[in-house]
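To start, the structure under review is shown below, and the notes come after it.
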Amino acid sequence: MARISSSVYTSHVPAVGAALDLGKTAEAYWQPVFKGYDFSKQWEEEQQPDVIFLVFNDHATAFSLDLIPTFAIGTAAEFQPADEGWGPRPVPKVIGHPKLAAHIAQSVIQDDFDLTIVNKMDVDHGLTVPLSLMFGQPQAWPCPVIPFAVNVVQYPPPSGRRCFMLGQAIRKAIESYDEPLNVQVWGTGGMSHQLQGPRAGLINKEWDTMFLDRLIDDPDGLSKMPHLDYVREAGSEGIELVMWLIARGAMSDLRGGKKPTVRHRFYHVPASNTAVGHLILENN
Ligand code: DHB
Ligand code: FE
């Protein structure tokens with residue numbers, strides 16, 4: 001059977017992608033950001049995942065305001081990097097895993113979660129920047145990726161609680177797939193940031209630290225936090241953090257297993273308008 005070996009959490013700051021693509025990673029501003037991912041790139045080489053289930057948000061790129069799915073699973077064979085206004089990022093295309101994605105859709109929808117099936121979708125910085133941070137600049141991404149898009153752009157977003165429960169349904173789906181795959185589940189976006197209005201530039205280090213602590217030790221309690229708390233404390237775009245609860249919900253301590261091991265934790269301010277947070281949790 002497939003198993004979830006670990007979960008990975010990371011911000012998706014678009015300027016990080018630009019810094020990589022334009023060869024600026026050694027600059028004084030960016031160096032400390034990329035340093036936080038040195039361990040992670042090494043770790044990924046050892047882990048050799050077969051598939052990444054990558055929870056991210058589309059930023060009105062693939063889905064315009066014409067059609068806004070709350071949860072959308074990418075079932076296509078491949079996904080092209082999106083043009084977000086400056087041309088597509090010069091990164092490899094994303095190879096999907098249609099068979100596992102279809103199995104997850106079947107299981108999760110029958111478990112009462114409404115997913116939109118997406119057979120064609122370009123993927124924006126929400127997905128490609130986390131891949132770049134974790135794998136650097138390879139000719140091809142090292143394994144297939146199942147993109148799972150969550151609406152955190154147009155209100156109402158799903159609650160943290162629903163995301164957490166969905167993560168548990170995704171875990172059940174993956175573990176019932178009849179092939180011995182090593183699967184990682186990633187939760188991306190966040191941490192605190194606000195891109196518009198009078199509070200633009202808001203960053204809340206204390207709150208982010210609390211979020212990381214509770215994500216590790218009290219995910220069930222954390223999942224009950226109402227969305228208004230995210231917006232008030234972490235800024236309008238801080239709501240992206242509900243996606244981390246999907247990945248956390250997929251860890252095996254939620255079905256009676258042992259607590260996960262924290263393999264890596266990193267936090268840095270600032271990067272563009274955003275606090276960068278990063279965690280790696282391994283199942284035991
Ligand atoms: C920034 C952060 C985001 O999450 C995003 O989607 C766009 C911009 C920023 O920090 O500039
Ligand atoms: Fe974003």
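When a ligand or atom number is given, it counts from 1 through the structure's own listing order.
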Tabulate below the donor-acceptor pairs under 3.5 Å that side-chain atoms of residues 49-57 make, not counting sequence neighbours, or state none.
residue, atom, partner, partner atom, Å
Asp50, OD2, Asn182, N, 2.7
Asn57, ND2, His59, NE2, 3.3

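A salt bridge is absent between Glu84 and Arg89; no separation between the charged side-chain nitrogens and carboxylate oxygens falls under 4.0 Å. A salt bridge is defined here as a Lys NZ or Arg NE, NH1 or NH2 lying under 4.0 Å from an Asp or Glu carboxylate O, and Asp220 with Arg214 fails to meet this definition. A salt bridge between Arg171 and Glu175 is present, with a side-chain N of the basic residue lying under 4.0 Å from a carboxylate O of the acidic one. Asp229 has a carboxylate O that lies under 4.0 Å from a charged side-chain N of Arg232, or vice versa, which qualifies the two as a salt bridge.
For the Fe ion (ligand 2), the set of protein N/O/S atoms nearer than 2.8 Å consists of His12 NE2, His59 NE2, Glu240 OE2, ordered by chain and number.
Protein residues having at least one heavy atom under 4.0 Å from any atom of ligand 1 are His12, Val13, Pro14, His59, His125, His193, Leu195, Glu240, Ser272, Asn273, Thr274, listed by chain and number.
Among residue pairs with one or both ends in residues 90-122, those qualifying as ring pair (Phe, Tyr, Trp, His ring centres under 6.0 Å) are His103-Tyr177; sequence neighbours excluded.
Judged by distance alone, the side chains of Tyr37 and Thr10 do bring a donor and an acceptor atom under 3.5 Å apart. For the residue pair Asn151 / Thr70, no side-chain donor-acceptor distance below 3.5 Å is found, with atom types taken as modelled. When only modelled atom types and interatomic distance are considered, Trp186 and Gln184 share a side-chain donor-acceptor pair under 3.5 Å.
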